[in-house]
Amino acid sequence: MDADEEFRLGAECFRSGQAAAGADHLRRAAFAGHPDAQNQLARIYFAQTKSRQDLASLESAAQAGDHVALFVLAMCLIQGTIIDKDTDKALAALRLAAARGNLMAASMLAHS
């Protein structure tokens, strides 16, 4: 199944109340390079990061190579959301996310 189809199925799942299945489809589309899926998955990750425990889960996913988690971690570091602001760590996370295929991170780096 291609990235566009995964994204479409993810959207359908969310509309029908199947959030877990929708997130799985979005994750597959995002890792296949679908820019809208990357954006939507980042929004989901960011919305779910409300506590230190959530942050630990995000960091764990980032360390495992999840480029969307790396991007969201960078945003948390830039904004000081649940974690102290750290521009150097944020830039490192953005660079790694971009190197792993995150289009939003690559775009931010290109405009900095």
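In this text the structure is predicted, and so the values were computed from the model without any measurement. Residues take their numbers from the sequence shown, with the count starting at 1.
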Test side chain to side chain contact (heavy atoms under 4.5 Å, CB included) on Asp2 and Arg8; report intermediate values, then the result.
CA-CA 10 Å; Asp2 71 2; Arg8 187 187 67 72; over 6 Å; no
With the 4.5 Å side-chain cut-off for hydrophobic clustering, are Leu77 and Leu96 part of the same group?
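Per the 4.5 Å side-chain linkage, Leu77 and Leu96 are not co-clustered.
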Would a hydrophobic clustering, with Ile, Leu, Val, Met, Phe, Trp and Tyr connected at side-chain separations under 4.5 Å, put Met108 with Phe46?
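Hydrophobic grouping puts Met108 with Phe46.
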Classify the angle between the aromatic ring planes of Phe31 and His67 as parallel (below 30°), tilted (30 to 60°) or perpendicular (above 60°).
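The arrangement is tilted - the two ring planes meet at 30° to 60°.
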Return the [atom1] to [atom2] distance between [X] and [Y], rounded to the nearest 0.5 Å.
X      : Y      : atom1 : atom2 : value
Gln40  : Phe14  : CD    : CZ    : 8.5 Å
Met1   : Glu6   : CE    : CD    : 4.5 Å
Leu58  : Arg52  : CG    : CZ    : 12.5 Å
Met104 : Leu109 : CE    : CG    : 12.0 Å
Arg95  : Arg100 : CZ    : CZ    : 15.0 Å
Gln38  : Ser107 : CD    : OG    : 11.0 Å

Side-chain heavy atoms of [X] within contact of [Y], under 4.5 Å:
X     : Y     : result
Ile82 : Thr49 : yes
Met75 : Leu94 : yes
Asp4  : His34 : yes

How close do [X] and [Y] get, heavy atom to heavy atom, and via which atoms?
X     : Y      : result
Ala69 : Tyr45  : N-CE2, 3.6 Å
Ala62 : Leu73  : CB-CD2, 4.2 Å
Gly33 : Leu103 : O-CD1, 3.5 Å
Val68 : Asn102 : CA-ND2, 3.8 Å
Ile83 : Cys76  : CG2-O, 3.6 Å
Ala74 : Ala93  : CB-CB, 3.9 Å

Heavy-atom donor-acceptor pair, Ser16 side chain to Glu12 backbone, under 3.5 Å:
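Yes; judged by distance alone, with no hydrogens or angles, the pair exists.
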Please lay out, stage by stage, how Asp54 and Ser51 fare under the test side chain to side chain donor-acceptor pair (under 3.5 Å).
CA-CA 5 Å; Asp54 296 335; Ser51 69; 3.3 Å; yes
